[in-house]
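Okay, structure first, notes after.
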Amino acid sequence: MRIPAILNLKKQVLSFEVFPPKTWANYESVQTAVDGIASLSPDFISVTYGAGGGTSDFTVDIVNRIKNFGITPLAHLSCISSTKEQVLMVLGRLKEMGIKNILALRGDIPQNFSGNLQYKYASDLVKEIADFGGFCIGGACYPEGHPESATLFSDIEHLKMKVDLGCDFLTTQMFFDNDLYYSFLSKVRDAGIYVPIIAGIMPVTNAAQIKRMMALSGGTLPTRFKRIIDKFGEKPSAMMQAGIAYATEQIIDLYANGVRAVHVYSMNKPEIAKKIKDNLCDIL
Ligand code: FAD
């Protein structure tokens, strides 16, 4: 089913994310994680795409596995270091498999990259997929602005161009203060972007990892959350409990404020996805 149709069907949508294996060596463990997450029956599951496209076959395989589970998959596809031929090949395979949804991404620019850029921005890929036809297209957006953008305003201008080229929905970068999402939503609507904007929520279970991720993405951690990390970051089980509770609270607040769709960055961790789903069992 197309993602916007799922959003129309249900008052509160909850989806999860998995990432593909990097090599055959961890293929089986990823499959087990994917099966665990699929068994929770989320409304859809997204599958990330390795930067550089080197693991594209794995992404396609995992997407197919999710589909065979009877769950709607959302296949990520990044373009910055891909040729048109490679992109068309992946699109052809996804179409053959009956996949309906693609999240079109630029990908992070590899260090010392000197390749022949056939796609400079995600919007080039959105146009390619739209021209190919037959897919529902999503894009990424950034409530605090993309780190390469001079201002949030210019980032939203680029976002509008991306949506106008064919995005049917957007998913946000993770955020830890819901007010950032609400304020972003109002700016985006003022800019004339009316597609659904799925809120991306990350249950933090590893303090060092989130500090690294936030430094890279330019995102901020609210003081309230920093205190949690300072207090429990050194004790993994306590950090996991606190991270799940914090994410659950964010999700409940989003639903309470009328947000229809929340995407959980579940990072191949079925046990965390399950705890979040259990916490929301009477809400969903
Ligand atoms: P774009 O939309 O192209 O934006 C990138 C930058 O270029 C922004 O600063 C934007 O303002 C600017 N820009 C856009 N158009 C123009 C223009 N015409 N002129 C000037 N500037 C412009 N990465 C992966 O490798 N694999 C994944 O599976 C993956 N999944 C993700 C899922 C989500 C929900 C999110 C939020 C990110 C994901 N990423 C993934 C990371 C993403 O690839 C990076 O954040 C990347 O740096 C930007 O990708 P984008 O698609 O947002 O790019």
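Read the numbers this way: they start at 1 and go in the same order the structure lists the ligands and their atoms.
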As a check for students: among Y49, F19, Y119, Y121, identify the option with a heavy atom nearest to atom 19 (N) of ligand 1. Y121
Run the numbers for me: atoms of ligand 1, each under 4.0 Å from some heavy atom of T171, listed by number. 34 (C)
Do any nitrogen or oxygen atoms of K120 come within less than 3.5 Å of a nitrogen or oxygen of ligand 1? no
Co-membership, hydrophobic cluster, residues L159 and I3, 4.5 Å side-chain: no
Give the contacting part of M161 toward ligand 1: side chain, backbone, both or neither, where contact means a heavy-atom distance below 4.0 Å. side chain
According to a hydrophobic-cluster definition based on side-chain heavy atoms being under 4.5 Å apart (Ile, Leu, Val, Met, Phe, Trp, Tyr only), do L125 and V90 belong together? yes
Same cluster or not: are L103 and V63 linked, directly or through other Ile, Leu, Val, Met, Phe, Trp or Tyr residues, by side-chain heavy atoms under 4.5 angstrom apart? no
If you count the atoms of ligand 1 from 1 in the order shown, which ones are under 4.0 Å from a heavy atom of G107? 25 (O), 43 (O), 46 (C), 47 (O), 49 (O)
Could you check whether K226 pairs with D230 (Lys NZ or Arg NE/NH1/NH2 to Asp/Glu carboxylate O, under 4.0 Å)? no
Are more than 12 heavy atoms, taken from residues, nucleotides or ligands other than K95, located less than 6.0 Å from that residue's NZ atom? yes
Taking distance alone, with N or O pairs closer than 3.5 Å, would you say E148 contacts ligand 1? no
Which atoms of ligand 1 sit under 4.0 Å from any heavy atom of S149? 8 (C), 9 (O), 10 (C), 11 (O)
Give the numbers and elements of all ligand 1 atoms closer than 4.0 Å to a heavy atom of Y265. 34 (C)
Looking at every heavy atom in both E17 and S46, which two are closest together, and how far apart are they? OE1-OG, 2.9 Å
Mind checking whether H263 and F44 have ring centres under 6.0 Å apart? yes
Any N/O pair S123/ligand 1 closer than 3.5 Å: no
Let me see the working for D278 and K274 under salt bridge (Lys or Arg N to Asp or Glu O under 4.0 Å), right down to the final yes or no. CA-CA 6 Å; D278 287 349; K274 180 170 185 326; 2.8 Å; yes
Backbone or side chain, does any N or O of Y142 fall under 3.5 Å from an N or O of ligand 1? yes
Going by heavy-atom distance to atom 21 (N) of ligand 1, choose the closest among M174, H158, R106. H158
Show the atoms of ligand 1 that are less than 4.0 angstrom away from any heavy atom in D155. 8 (C), 9 (O), 10 (C), 11 (O)
Going by the atom numbers of ligand 1, which of them fall below 4.0 Å from some non-hydrogen atom of T48? 28 (O)
List ligand 1 atoms under 4.0 Å from A122, heavy atoms only on the residue side. 1 (P), 2 (O), 3 (O), 51 (O), 53 (O)
Check each atom of ligand 1 against the heavy atoms of L103 and keep those under 4.0 Å away; list them by number with element. 32 (C)
Using a 6.0 Å cut-off, check whether atom NZ of K275 has over 12 heavy atoms from anything other than its own residue. no
Exercise: identify the closest heavy-atom pair between Q173 and Y142: CB-CD2, 3.6 Å
